[in-house]
Amino acid sequence: MSHDIPPRQACFPIRVVMEMTGLTARQIRYYEEQGLVKPDRNEGNQRMFSLFDIERLNTVKAYIEKGINIAGIKAIMSSDG
DNA sequence: TTTCTCACA
DNA sequence: TGTGAGCA
C-alpha cells in the first residue's frame with residue numbers, strides 16, 4: 001500500500017460505523033450517550049470511531065438483538081468487558 | 001455534502 | 001427510536 005499508513009488508529013465517521021454495525025446514527029449516538037462507547041472527537045466536533053468502538057458497538061447490537069436492554073448491556077460490559 | 005445538537009411525536 | 005430544524 002503506497003497510498004498512506006495509519007497515522008495512529010484507524011478512525012471512521014458515523015456513516016461508516018453505521019454500515020459496519022448495521023445500527024442507525026441515532027442508535028450509535030444514543031449508545032454513546034449511555035456510555036457504551038466513547039468515540040473521540042475531531043476538530044469539527046464530529047465523532048471519530050476507532051476499530052475498538054466499532055467492535056464494541058457490534059457487541060452492543062448483539063445484546064440488543066438478544067433482547068437485552070441498555071441497562072443490562074451496561075452491567076454486562078462493565079463487569080466483564 | 002455530512003455531522004452535530006436539541007426538541008417533538 | 002424516528003424525524004425535522006438550524007448550525008458548523
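Lettering of chains follows the sequences in order, A, B, ..., and the numbering in each one begins at 1.
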Output the rounded distance in Å from [atom1] ([X]) to [atom2] ([N]).
X: A:Asn42; N: B:dT5; atom1: CG; atom2: P; result: 11 Å
X: A:Asn45; N: B:dT3; atom1: CG; atom2: P; result: 14 Å
X: A:Arg29; N: B:dT5; atom1: CZ; atom2: P; result: 7 Å
X: A:Leu23; N: C:dT1; atom1: CG; atom2: C1'; result: 12 Å
X: A:Ile28; N: B:dT5; atom1: CD1; atom2: P; result: 13 Å
X: A:Glu43; N: B:dT3; atom1: CD; atom2: C1'; result: 14 Å
X: A:Glu65; N: C:dT1; atom1: CD; atom2: P; result: 12 Å
X: A:Phe12; N: B:dT2; atom1: CZ; atom2: P; result: 18 Å

In dot-bracket form, 5' to 3', how is DNA chain B paired? Count Watson-Crick and G-U wobble pairs only if both distances fall under 3.5 Å, and write | where the partner sits on another strand. .|.|||||.
Quick one: [atom1] on [X] to [atom2] on [Y], what's the gap to the nearest 0.5 Å?
X: A:Met20; Y: A:Asp53; atom1: CE; atom2: CG; answer: 11.5 Å
X: A:Ile64; Y: A:Ile70; atom1: CD1; atom2: CD1; answer: 4.0 Å
X: A:Asn69; Y: A:Lys74; atom1: CG; atom2: NZ; answer: 10.0 Å
X: A:Met48; Y: A:Arg41; atom1: CE; atom2: CZ; answer: 10.0 Å
X: A:Tyr31; Y: A:Gln34; atom1: OH; atom2: CD; answer: 9.5 Å
X: A:Ile14; Y: A:Ile28; atom1: CD1; atom2: CD1; answer: 4.5 Å

Looking only at side-chain atoms of [X], point me to the closest of [options].
X: A:Tyr30; options: B:dT2, C:dT1, B:dC4; answer: C:dT1
X: A:Arg47; options: C:dT1, B:dT2, B:dT5; answer: B:dT5
X: A:Pro13; options: B:dT3, C:dT1, B:dT5; answer: B:dT3

Whichever of A:Tyr31 and A:Gln46 has its nearest DNA chain C nucleotide further upstream toward 5': A:Tyr31
Hey, is A:Glu65 close enough to A:Lys61 for a salt bridge, meaning N to O under 4.0 Å? yes
Phosphate contact (C:dT1 OP1 or OP2) by A:Thr24 side-chain N/O below 4.0 Å: no
